[in-house]
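One structure is given below, encoded as structure tokens.
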Amino acid sequence: MEQPELVLQGWTAGEAMRATCAADSPPAENETVIRIPARMVPLIRKACDAAERAGSPKL
């Protein structure tokens, strides 16, 4: 059974932003830094809530 997950698509961050992020939390070999416009925050919250509900055990 496939686990619920949230997949994000965005613009590739520029070199300066990637360097800033890497200083705080270096991405793993299979990760990258992307940019998401602020207008997408409510949609991302909704998607996170749905993914969390899908992954929660039924009580």
Side-chain angles (χ1 to χ4, degrees):
M1 176 197 250
E2 192 172 312
Q3 296 295 317
E5 62 184 5
L6 180 64
V7 177
L8 299 176
Q9 177 179 333
W11 300 292
T12 302
E15 187 176 329
M17 179 58 69
R18 289 193 314 270
T20 298
C21 291
D24 292 330
S25 177
E29 286 287 320
N30 62 342
E31 295 178 333
T32 191
V33 177
I34 63 170
R35 296 174 26 227
I36 303 289
R39 65 181 168 75
M40 297 296 295
V41 170
L43 295 171
I44 293 169
R45 280 192 187 119
K46 185 176 179 180
C48 288
D49 290 344
E52 186 174 46
R53 282 191 302 274
S56 297
K58 307 292 187 238
L59 299 176

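Please read all numbers here as calculations on a predicted model, not as lab measurements.
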Would you say I36 ends up clustered with L43 if hydrophobic residues are merged whenever their side chains have heavy atoms under 4.5 Å apart, either directly or through other cluster members?
yes
In this structure, CG of L8 is separated from CD1 of I34 (nearest 0.5 Å) by 5.0 Å
When every non-hydrogen atom of T12 is compared with those of R35, the smallest separation belongs to O-NH1, 4.1 Å
Set of side chain to side chain contact (heavy atoms under 4.5 Å, CB included) partners for R39, sequence neighbours left out:
P37
Listed partners of A28 passing side chain to side chain contact (heavy atoms under 4.5 Å, CB included), at least two apart
N30, E31
Going by the rule side chain to side chain contact (heavy atoms under 4.5 Å, CB included), which residues pair with E15 if we only count those two or more places apart in sequence or in a different chain?
R18
